[in-house]
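Residues: numbered from 1 along the sequence shown.
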Amino acid sequence: MRGTPRTRRIPRPALGVLIGVTALFTAGTLATTPAGAAPEPGPSTARVHSVPASAQQQARDFWTPERMRSAVPLDLLDADARSTDAAPRAGRPATVAPTVPTAGTADVGPAAFPNGGGAWTGGGAVVNTAGRVFFTYQGRTASCSGNAVTSANKSTVITAGHCVKLEGAWHTDWVFVPGYHDGQAPHGRWTATKTLSTPQWTASEDINYDVGAAVVAPLDGQRLTDVVGGQGLAFNTGYNLRMYAFGFPAAAPYDGQKFIYCSGTTNRDFLLSNDHGMGCDMTGGSSGGPWFTQFNEATGTGLQSSVNSFKYNFLPNRMYGPYFGADAQNLYQAAQSS
């Protein structure tokens with residue numbers, strides 16, 4: 001490659017070769033903390049967007065099965081070297097344990113590792129905690145992926161920063177659909193009361209900090225993780241790890257209706273970011289889907305350590321996800337405390 005490498009953020013398709021991974025549709029020993037009690041690592045605070053009750057009801061009514069199936073792509077944006085800042089701030093390694101039902105989990109055969117992209121057939125908790133995120137962006141319907149996590153409010157979803165805010169505007173009509181399949185919402189459509197992102201993403205869309213979160217309203221008198229469970233999290237746990245990535249890619253060769261996974265040993269990006277990199281062919285719509293360390297294939301549980309974020313246009317089969325450092329931990333703390 002000649003010149004400065006360029007990246008494309010996840011919410012959009014490319015011409016010829018698909019590059020982003022976002023909301024596009026074309027038809028040592030770690031210090032372990034108690035659930036919801038990851039320590040506050042520093043002064044940097046998350047940016048929060050509150051959603052009025054009237055808008056929450058509008059979002060729930062808006063996302064019919066037909067609209068979920070027909071959500072359209074976002075435009076693909078370029079991110080040059082100026083869209084990155086210093087390496088993510090470090091903090092003390094910390095983990096939060098999963099909180100998922102144990103009944104009904106059955107042993108399954110081992111999944112392929114490494115795997116560059118294929119349907120997840122293993123079952124387990126991840127098929128309930130992970131789901132699709134739907135929202136309106138610049139007047140267009142769009143989609144990403146997300147995941148429910150252990151939290152003090154039992155209502156926190158982790159996704160990508162560009163799946164909550166992009167080009168200076170917070171997305172509207174934001175809902176999380178855990179366990180999505182074929183236009184169906186088996187566990188309901190959970191509307192955001194707040195969406196959040198890191199200060200670096202909201203200020204300048206720095207790809208090192210492309211992490212977002214949402215706090216969702218109770219549904220039928222129940223809170224999110226009481227219904228679907230919550231995955232664990234890990235912060236400041238290093239690079240070169242065995243990880244599993246999940247999402248709902250929608251651009252060819254995928255159609256957004258299947259739950260897809262990739263797996264492999266990650267490496268630290270040596271080009272424009274400080275992200276994790278993994279061999280993975282997931283496409284637009286998978287943005288915001290969870291990356292796990294210590295993933296147990298038999299139970300479908302793990303520690304969320306990143307999200308699907310971006311691809312380089314000259315590396316279409318390699319996905320990158322932000323490092324969960326102090327600012328990602330602050331974001332989680334702000335969300336679960338809301």
Side-chain angles (χ1 to χ4, degrees), residues 9-13 20-27 46-75 77 130-148 155-197 201-202 205 210-220 223-224 227-228 247-251 256-257 284-289 307 335 338:
R9 289 193 201 105
I10 269 214
R12 27 283 170 145
V21 183
T22 81
L24 4 150
F25 271 77
T26 50
R47 299 297 184 260
V48 182
H49 170 68
S50 296
V51 182
S54 58
Q56 296 171 37
Q57 185 59 52
Q58 174 182 312
R60 185 177 293 112
D61 295 340
F62 180 80
W63 287 106
T64 63
E66 293 73 23
R67 282 202 173 105
M68 289 191 290
R69 291 191 190 98
S70 62
V72 297
L74 298 178
D75 298 330
L77 300 181
R132 293 186 76 172
V133 171
F134 295 95
F135 51 88
T136 300
Y137 165 69
Q138 294 187 346
R140 291 172 287 170
T141 55
S143 157
C144 281
S145 300
N147 182 61
S155 303
T156 297
V157 177
I158 299 295
T159 185
H162 67 258
C163 296
V164 296
K165 185 179 184 183
L166 188 62
E167 297 180 344
W170 295 93
H171 302 321
T172 58
D173 301 319
W174 202 101
V175 301
F176 175 58
V177 184
Y180 173 93
H181 64 85
D182 303 317
Q184 302 303 306
H187 306 296
R189 298 184 297 277
W190 299 75
T191 60
T193 63
K194 296 179 180 179
T195 50
L196 309 86
S197 190
W201 177 260
T202 56
E205 297 190 356
D210 184 19
V211 189
V215 178
V216 296
L219 183 62
D220 298 329
R223 291 184 288 183
L224 175 64
V227 176
V228 302
F248 290 86
Q257 305 307 311
S286 64
S287 290
V307 296
S338 296

What pair of heavy atoms forms the shortest contact from W170 to S197, and how long is it? CH2-N, 4.0 Å
Side chains of V157 and W190 in contact at under 4.5 Å (non-hydrogen atoms): no
Shortest non-hydrogen pair, V307 vs G288, comes out as CG1-O, 3.8 Å
Roughly how far, to the nearest 0.5 Å, is the OG1 atom of T64 from the CZ atom of R189? 7.5 Å
Side chain to side chain contact (heavy atoms under 4.5 Å, CB included), that's the test. Do W201 and L166 meet it? Break it down for me. CA-CA 9 Å; W201 177 260; L166 188 62; 4.1 Å; yes
Of all the heavy-atom pairs spanning G212 and V164, show the shortest one and how long it is. CA-CG2, 4.3 Å
Can you find a pair of side-chain heavy atoms, one from T141 and one from F62, that are under 4.5 Å apart? yes
Look at the rings of F248 and Y180 and say which category their plane angle falls in: under 30° parallel, 30 to 60° tilted, over 60° perpendicular. perpendicular
Whether over 12 other heavy atoms sit under 6.0 Å from K165 NZ: yes
In terms of the angle between their ring planes, are H171 and F135 parallel, tilted or perpendicular, with boundaries placed at 30° and 60°? parallel
Return the CZ to OG1 distance between R47 and T195, rounded to the nearest 0.5 Å. 13.5 Å
Where Q56 and A192 come nearest, the two heavy atoms and their spacing: CG-O, 3.4 Å
Could you check whether any side-chain heavy atom of P65 comes within less than 4.5 Å of a side-chain heavy atom of R69, counting everything from C-beta outward? yes
Quick check: do R60 and L219 have side-chain heavy atoms less than 4.5 Å from each other? yes
What pair of heavy atoms forms the shortest contact from V51 to K194, and how long is it? CG2-N, 4.4 Å
Are V215 and L196 packed together at the side-chain level, in the sense that at least one heavy-atom pair is separated by less than 4.5 angstrom? yes
Donor-acceptor pair, D173 side chain versus F134 backbone, under 3.5 Å? no
Contact check, side chains of V228 and F176, non-hydrogen atoms, under 4.5 Å: no
Tell me the closest heavy-atom pair linking A335 and A213, and the distance in Å. CB-CB, 4.0 Å
With rounding to the nearest 0.5 Å, note down the distance linking CD in Q58 to OG1 in T191. 11.0 Å
